[in-house]
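The analysis underlying the following values was restricted to heavy atoms, covering all of them including side chains, and did not include hydrogens, waters or symmetry mates.
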Amino acid sequence: MKKAILCSLAVAFYLQINAQTSITPEVLKQLEGSYTGTPTEKALRNVISNVGLQKIATNQENAGAKDLKFNIEVKNTGITDQKSSGRCWLFTGLNVLRGRAMRKLGTQNFVLSQGYLFFYDQLEKSNLFLQAIIDTRKQPIDAEIVRWLFMHPLSDGGTYTGVADLAMKYGVVPADVMPETYVSNSTSEFCGHLKRKLREFGITLREKSEAGMSEKQLEALKVEQLGTVYRMLVMAYGVPPTQFTWKEKTYTPQDFFKTYCIDDGEDLNKDYVMLMNDPSRPYNKVYEIDYDRHVYDGHNWLYLNLPIEELESIAIASLKDSCQMYFSCDVGKFLDRNEGIADLNNFDYDSLFGTTFGMNKKQRIETFDSGSTHAMTLMAVDLDNEEKAKKWKVENSWGSGSGQNGYIIMTDEWFREYMFRVVVNRRYCPDAVLDMLKQKPVRLPAWDPMFQNEE
């Protein structure tokens, strides 16, 4: 009798556990009851399965004329187009620099060459990868950092630190000195071949190390490998000029950069700071991410994490002084691409699916639902009577035919939920913020969720 009772309890326990962990016929029957097939549900099913979700989720209650006026705006002209490439970080950084050049040149029509700096970006990233393979050669092939390196040998995405390090090292040139190519406008195919070659070179370096080649010999071999990379880059993007004549004057790229893009003694690294709003980590701390840089001897991505209210205050101070900024966000969330307006009320997915999407910003970051994906130039803010932001405006790099003639307008509610990074001159930061920047950074691994290139 006792044995029978024990067996019955065991079976009941098994069924209970099984029901909790698997979709049994009983559970499936319960799930099927969530769709009742009413005429309304059938109509929604027909629409959803045949029409794009965003189109049918458009919130008509939020439609109508929009307020497009801004009381603080850094004027700019000429929208650039990154086309089918992940170079928004580069376009954004150069758009900030070209604004300065336009004022010094007294022109309304000027663009810096994205192709020139991108050539050196890809060369420097290749060296960064190959040198990192040498640095980690003693670790097993399945070590986390080695696996990460081979998974991410190179990309066309990036961050502000890349613009700063590359421009300070190589200078800049006007767009007509080194124009775009088909490959620079559509980077994925060539990048795929270059990544494959880098992985091959990386394996060779590890094999040579295992065979007894010294570190000095490995670095000499790396330089030979970079010769192949350089030749591939020339074939794709052209030969970067070391000297050029423009408007009857002769410059080196470094001379041009120092003459038109920065002030005397200005340093794009030392004089600027990246501010982040990441509620998934403690505020008022500085963070640095390993290998999140473009140049081996350059700067890792380093940022100060601040509450959104403090970040907004600093950004407003910069715009009031007519200084636009490198800015990045999760651009695809609730963006009406046709209208160029990012608004949390643009689309009503809750009503469409009969549920709610209730994660906050911290939860979205922690679950990889949201992160910084795109960089643009922050150029305007509209303030209310209490000097609080109502909406913001950015210069995009998707061409003049996108959004508001190439610009995007963001409500402040959207800004607080989906903006992540802004780069400001230190002079706009309060003393308390400058003091925070003196602390030793918290070091984060290369595979941290915040390592996310803007594209």
Task: Non-hydrogen atoms of Phe256 and Val172 that approach each other most closely - done: CB-O, 3.7 Å

Open item on the list: Donor-acceptor check, side chain of Arg199 to backbone of Phe150, threshold 3.5 angstrom: yes or no?
Closed with: yes

Open item on the list: Please determine whether the number of non-hydrogen atoms from other residues, nucleotides or ligands lying under 6.0 Å from atom CZ of Arg443 exceeds 12.
Closed with: yes

Task: Side-chain donor or acceptor of Arg426 paired with backbone N/O of Lys270 under 3.5 Å - done: yes

Open item on the list: With a sphere of 6.0 Å drawn around CD of Glu309, does it hold more than 12 non-hydrogen atoms of other residues, nucleotides or ligands?
Closed with: yes

Open item on the list: Measuring from atom OG of Ser322 to atom CE of Met379, what distance do you get when rounded to the nearest 0.5 angstrom?
Closed with: 11.0 Å

TODO: Show the numbers, then the answer: is there a side chain to side chain donor-acceptor pair (under 3.5 Å) between Thr107 and Asn109?
DONE: CA-CA 6 Å; Thr107 181; Asn109 184 22; over 6 Å; no

TODO: Apply the test side chain to side chain contact (heavy atoms under 4.5 Å, CB included) to residues Tyr35 and Lys42: give CA-CA distance (whole Å), side-chain angles for both, the deciding distance (0.1 Å), then the verdict.
DONE: CA-CA 10 Å; Tyr35 173 73; Lys42 287 181 179 180; 3.7 Å; yes

- [ ] Answer yes or no: is there an ion pair linking Lys197 with Glu200, defined by an N-O contact shorter than 4.0 Å?
- [x] yes

- [ ] Please answer whether the main-chain N or O of Gly37 pairs with a side-chain N or O of Glu41 as donor and acceptor at a distance below 3.5 Å.
- [x] yes

- [ ] Output yes when a side-chain donor or acceptor of Lys391 lies under 3.5 Å from a complementary backbone atom of Lys69, and no otherwise.
- [x] yes

Task: Main-chain N/O of Val442 paired to Glu288 side chain as donor or acceptor, under 3.5 Å - done: no

Open item on the list: Measuring only between side-chain heavy atoms, which start at C-beta, is Leu105 closer than 4.5 Å to Lys247?
Closed with: no

Open item on the list: For Phe327 together with Phe415, are the ring centres under 6.0 Å from each other?
Closed with: yes

Task: Backbone N/O of Gly157 and side chain of Ser155: donor-acceptor pair under 3.5 Å - done: yes

TODO: Check whether any side-chain N or O of Arg98 sits under 3.5 Å from a backbone N or O of Phe110 as a donor-acceptor pair, and report yes or no.
DONE: yes

Open item on the list: Within the 3.5 Å criterion, strictly below it, is a donor on Asn277 or Tyr283 matched to an acceptor on the partner's side chain?
Closed with: yes

- [ ] For residues Lys393 and Leu378, report the shortest heavy-atom separation together with the two atoms involved.
- [x] O-CD1, 3.7 Å

Task: CA sep, side-chain torsions, deciding dist, call: Val229, Leu194, side chain to side chain contact (heavy atoms under 4.5 Å, CB included) - done: CA-CA 7 Å; Val229 172; Leu194 184 53; 4.0 Å; yes

Open item on the list: Please determine whether side chain to side chain donor-acceptor pair (under 3.5 Å) holds for the pair Thr377 and Thr92, giving the CA-CA distance in whole Å, both sets of side-chain angles, and the decisive distance to 0.1 Å.
Closed with: CA-CA 6 Å; Thr377 307; Thr92 298; 4.6 Å; no

Task: Sub-4.5 Å side-chain heavy-atom contact between Ile48 and Leu53 - done: yes

- [ ] Output the distance between atom CZ (Arg364) and atom NZ (Lys333), rounded to the nearest 0.5 Å.
- [x] 8.0 Å

Task: Note: Lys66-Asp336 ion pair, threshold 4.0 Å (strictly below) - done: no

Task: Reported CD1-to-CG distance for the pair Ile341 and Asn338, which is rounded to 0.5 angstrom - done: 11.0 Å

Task: Exceeds 12 heavy-atom contacts within 6.0 angstrom, atom CE of Met151 - done: no

Open item on the list: To the nearest 0.5 Å, what is the distance between SG on Cys261 and CG on Leu112?
Closed with: 5.0 Å

- [ ] Quick one: closest heavy-atom pair of Asp382 and Phe70, and the distance?
- [x] N-CD2, 3.6 Å

TODO: Return yes if some donor-acceptor pair links the side-chain N/O of Arg293 with the main-chain N/O of His299 below 3.5 Å, else return no.
DONE: no

Open item on the list: Would you compute the distance between atom CZ of Phe91 and atom NE2 of His374 and round it to the nearest 0.5 angstrom?
Closed with: 10.5 Å

Open item on the list: Whether the Asp135 and Tyr296 side chains hold a donor-acceptor pair (N or O, under 3.5 Å, no angle test) is what I'd like checked.
Closed with: yes

Open item on the list: How long is the straight-line distance from OG1 of Thr252 back to NZ of Lys258, given to the nearest 0.5 Å?
Closed with: 7.5 Å

TODO: Work out which heavy atom in Ile72 is nearest to a heavy atom in Lys320; give both atom names and the distance.
DONE: CD1-CG, 3.5 Å

Open item on the list: Pair Arg281, Asp448 - check salt bridge (charged side-chain N to carboxylate O under 4.0 Å, His left out), show working.
Closed with: CA-CA 12 Å; Arg281 299 191 189 279; Asp448 186 85; 2.3 Å; yes

- [ ] Can you sort out the partners of Glu189 under side-chain hydrogen bond (donor to acceptor under 3.5 Å, both in side chains), two or more places apart, ordered by chain and number?
- [x] none

Task: Heavy atoms of other groups near Tyr182 OH, more than 12 under 6.0 Å - done: no

Open item on the list: Any heavy-atom pair between the side chains of Glu310 and Pro430 that's under 4.5 Å?
Closed with: no

Open item on the list: Could you check whether any side-chain N or O of Asn425 sits under 3.5 Å from a backbone N or O of Arg427, counting only pairs where one atom can act as donor and the other as acceptor?
Closed with: yes

Task: Distance under 6.0 Å and angle within 45° of ring axis: Arg87 vs Phe118 - done: yes

Task: Any Met325 side-chain heavy atom under 4.5 Å of Leu319 side chain - done: yes

- [ ] Return yes if a side-chain donor-acceptor contact under 3.5 Å exists between Thr38 and Thr40, otherwise no.
- [x] no

- [ ] Can you see which heavy atom on Asp156 is nearest to which on Trp89, and at what distance?
- [x] O-NE1, 2.7 Å

Open item on the list: So Leu166 and Val295, do their side chains get closer than 4.5 Å, heavy atoms only?
Closed with: yes

Open item on the list: Taking Glu417 first and then Lys361, would you say they form a salt bridge - that is, a charged N and a carboxylate O separated by under 4.0 Å?
Closed with: no

Open item on the list: I want to check something: taking the side chain as every heavy atom from C-beta on, are Tyr287 and Asn305 in contact at a cut-off of under 4.5 Å?
Closed with: yes

Task: Under 3.5 Å side-chain donor-acceptor pair for Ser184 and Gln114 - done: no

Open item on the list: My understanding is that only one of Tyr230, Tyr170, Phe190 makes a ring-ring contact (aromatic ring centres under 6.0 Å, His included) with Phe119; could you say which?
Closed with: Tyr230

Open item on the list: With a 6.0 Å cut-off on the ring centroids, do Tyr237 and Tyr116 count as close?
Closed with: no

- [ ] Answer whether the closest heavy-atom distance between the side chains of Tyr418 and Leu335 falls below 4.5 Å.
- [x] no

Open item on the list: Closer than 4.0 angstrom, basic N to acidic O: yes or no for Asp384 and Lys390?
Closed with: no

Task: Heavy-atom side-chain proximity of Trp398 to Val331 below 4.5 angstrom - done: yes

- [ ] Give the intermediate values and the outcome of side chain to side chain contact (heavy atoms under 4.5 Å, CB included) for residues Tyr272 and Glu266.
- [x] CA-CA 10 Å; Tyr272 292 81; Glu266 185 179 14; 2.5 Å; yes

- [ ] Name all residues meeting the side-chain hydrogen bond (donor to acceptor under 3.5 Å, both in side chains) criterion together with Gln82; count only those two or more places apart in sequence or in a different chain, and write none if there are none.
- [x] Ser397

Task: Asp343, Asn345, Asp348 screened by side chain to side chain donor-acceptor pair (under 3.5 Å) with Asn62, the one that passes - done: Asp343

Open item on the list: Keeping Asn50 on the side-chain end and Asn46 on the backbone end, is there a donor-acceptor pair under 3.5 Å?
Closed with: yes

- [ ] For residues Asn396 and Ile79, report the shortest heavy-atom separation together with the two atoms involved.
- [x] O-CG2, 3.8 Å

